[in-house]
Amino acid sequence: KTFKPKKNIPEGSHQYELLKHAEATLGSGNLRQAVMLPDGEDLNEWIAVNTVDFFNQINMLYGTITEFCTESSCPVMSAGPRYEYHWADGTNIKKPIKCSAPKYIDYLMTWVQDQLDDETLFPSKIGGCSCVPQDGPSWLSHTVIPACPCLPGVPFPKNFMSVAKTILKRLFRVYAHIYHQHFDSVMRLQEEAHLNTSFKHFIFFVQ
């Protein structure tokens, strides 16, 4: 089962092509190569595509162990005895609260999904038009083509990098909790190779 509905990147969009590029590079087994910004691509869009992908990966990985991560087995959200995480989102919950791991992760994944679904934060169409030849006159790239699926475009906000960093920092906590509290369950399910590859990919990307 999945923990939250999977966030889909619209098929046929430029971001979908970027995701396919990332998956193809990942398939080669070279994780360092897989996280590198492709030539000529927009950094914000690359970060957005990968953030959605990591949300989906973590969503799926955590979904496999939710029956072991309960209010009684994990009364606090932690990654070992030294690291305990309290939840606050700055809007609905302004003062950090202590809560169980499943509750914390529910808050976290809902909070991330709300931001990924917000077109002002994570625009699925960032402007420009793939229906127009890129080597044509500059004015042509700003021409609105009737019924063109590429338009209208929405730019990434100025604080996008800060938003993405906060999301990735918090998603890291789910990996940390799984490794510290549930790795035995992951081993029993024979999911460790998948978890390790996903986490290694994540660490290379955020570096």
Side-chain angles (χ1 to χ4, degrees), residues 1-7 26 31-32 34-35 44 46-118 120-122 157-207:
K1 69 179 183 179
T2 51
F3 180 64
K4 290 282 174 194
K6 189 174 178 181
K7 166 76 179 176
L26 200 55
L31 291 174
R32 287 201 182 277
V35 300
N44 284 341
W46 180 241
I47 289 171
V49 166
N50 279 277
T51 301
V52 170
D53 189 36
F54 285 121
F55 169 79
N56 286 336
Q57 287 186 45
I58 293 167
N59 183 26
M60 185 176 67
L61 288 163
Y62 183 70
T64 65
I65 56 104
T66 48
E67 64 184 294
F68 311 112
C69 186
T70 64
E71 298 281 334
S72 56
S73 68
C74 303
V76 295
M77 175 62 177
S78 64
R82 292 179 57 200
Y83 297 99
E84 185 174 303
Y85 304 115
H86 294 181
W87 178 256
D89 57 21
T91 308
N92 298 317
I93 301 174
K94 294 184 179 179
K95 187 177 178 181
I97 60 169
K98 185 173 181 175
C99 55
S100 68
K103 189 69 178 169
Y104 182 100
I105 294 171
D106 184 36
Y107 280 135
L108 169 57
M109 299 303 263
T110 302
W111 173 79
V112 173
Q113 188 167 34
D114 286 346
Q115 292 185 88
L116 297 182
D117 288 340
D118 185 344
T120 65
L121 286 176
F122 279 79
K158 287 186 171 66
N159 68 333
F160 173 74
M161 200 68 75
S162 170
V163 169
K165 281 180 179 177
T166 302
I167 289 173
L168 292 167
K169 179 179 75 175
R170 289 183 166 188
L171 286 176
F172 168 82
R173 296 171 183 174
V174 184
Y175 281 118
H177 179 73
I178 293 172
Y179 271 111
H180 278 277
Q181 309 300 130
H182 301 293
F183 195 66
D184 55 342
S185 299
V186 171
M187 294 273 284
R188 282 198 301 273
L189 293 166
Q190 299 183 322
E191 291 280 343
E192 68 270 21
H194 187 183
L195 173 63
N196 290 340
T197 300
S198 176
F199 183 59
K200 193 174 178 183
H201 181 198
F202 179 89
I203 292 300
F204 281 166
F205 183 75
V206 298
Q207 285 175 340

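Not measured: the values here are computed from a predicted model. Position 1 is the first residue of the sequence; numbering continues from there.
- Distance check: Thr197 OG1 to Lys200 NZ gives 8.0 Å after rounding to the nearest 0.5 Å.
- Note that CG of Leu189 is 7.5 Å distant from CD of Glu67, once rounded to the nearest 0.5 Å.
- With Thr51 contributing its side chain and Ile47 its backbone, the two residues share a donor-acceptor pair below 3.5 Å.
- Between Met77 and Trp87, the closest side-chain pair of non-hydrogen atoms is not below 4.5 Å.
- To the nearest 0.5 Å, atom CD1 of residue Ile167 and atom CG of residue Leu116 are 5.5 Å apart.
- In this structure, Lys103 satisfies the cation-pi test against Tyr107, with its NZ or CZ atom closer than 6.0 Å to the six-membered ring centre and inside 45 degrees of the ring normal.
- Phe202 and Phe54 have perpendicular rings, their planes meeting at more than 60° on a 0 to 90° scale where under 30° would count as parallel.
- Listed here is the closest heavy atom pair of Met109 and Leu171: SD-CD2, 3.9 Å.
- Within the cation-pi definition used here (under 6.0 Å to the ring centroid, within 45° of the axis), Arg188 qualifies as a partner of Phe68.
- Counting heavy atoms from C-beta on, the side chains of His201 and Asn50 come closer than 4.5 Å.
- For the pair Cys74 and Cys69, the tightest heavy-atom approach, listed with the atom from each and the gap, is SG-SG, 3.9 Å.
- Within 6.0 Å of CD on Gln190 lie no more than 12 heavy atoms contributed by other residues, nucleotides or ligands.
- The NE2 atom of His86 lies 9.5 Å from the CD1 atom of Ile97; values are rounded to the nearest 0.5 Å.
- Nearest heavy-atom pair, Val35 versus Trp46, reported as atom, atom and distance to 0.1 Å: O-NE1, 3.2 Å.
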(message) What verdict does the side chain to side chain contact (heavy atoms under 4.5 Å, CB included) test give for Tyr179 and Val186, after you've listed the backbone C-alpha separation in whole Å, the side-chain angles of each residue and the deciding distance to 0.1 Å?
(response) CA-CA 9 Å; Tyr179 271 111; Val186 171; over 6 Å; no
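- Of the possible donor and acceptor atoms, one in the side chain of Asp89 sits under 3.5 Å from a partner among the backbone N and O of Asn92.
- Here the side chains of Leu61 and Tyr175 are in contact, with some heavy-atom distance below 4.5 Å.
- We find the CD-OG distance between Gln181 and Ser78 to be 4.0 Å, quoted to the nearest 0.5 Å.
- The aromatic rings of His182 and His177 lie perpendicular to each other, with more than 60° between the two planes, well past the 30° mark.
- In this structure, the separation between OG1 on Thr166 and CE on Met161 is 12.0 Å, given to the nearest 0.5 Å.
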(request) Could you walk me through whether Ser198 and Gln57 pass the side chain to side chain donor-acceptor pair (under 3.5 Å) test, one step at a time? (result) CA-CA 7 Å; Ser198 176; Gln57 287 186 45; 2.5 Å; yes
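- Residues Thr110 and Asp114 meet the side-chain proximity criterion, which asks for heavy atoms closer than 4.5 Å.
- For Phe183, the CZ atom counts as densely surrounded, since its 6.0 Å shell holds more than 12 non-hydrogen atoms of other residues, nucleotides or ligands.
- Looking at heavy atoms from C-beta onward, Val174 lies in side-chain contact with Ile178 at the 4.5 angstrom threshold.
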(message) Apply side chain to side chain donor-acceptor pair (under 3.5 Å) to residues Glu71 and Ser100 and explain how you reach the verdict.
(response) CA-CA 6 Å; Glu71 298 281 334; Ser100 68; 3.0 Å; yes
(request) Apply side chain to side chain contact (heavy atoms under 4.5 Å, CB included) to Ile203 and Phe199, showing your working. (result) CA-CA 6 Å; Ile203 292 300; Phe199 183 59; 3.7 Å; yes
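- Side-chain polar atoms of His194 and Glu192 form no donor-acceptor pair below 3.5 angstrom.
- For the pair Leu108 and Trp111, the minimum side-chain heavy-atom distance is below 4.5 Å.
- Within the 4.5 Å cutoff, no side-chain heavy atoms of Ile105 are placed close to those of Tyr85.
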(request) Could you walk me through whether Arg173 and Tyr104 pass side chain to side chain donor-acceptor pair (under 3.5 Å), step by step? (result) CA-CA 10 Å; Arg173 296 171 183 174; Tyr104 182 100; 2.8 Å; yes
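- A heavy-atom distance below 4.5 Å is found between the side chains of Tyr62 and Ile65.
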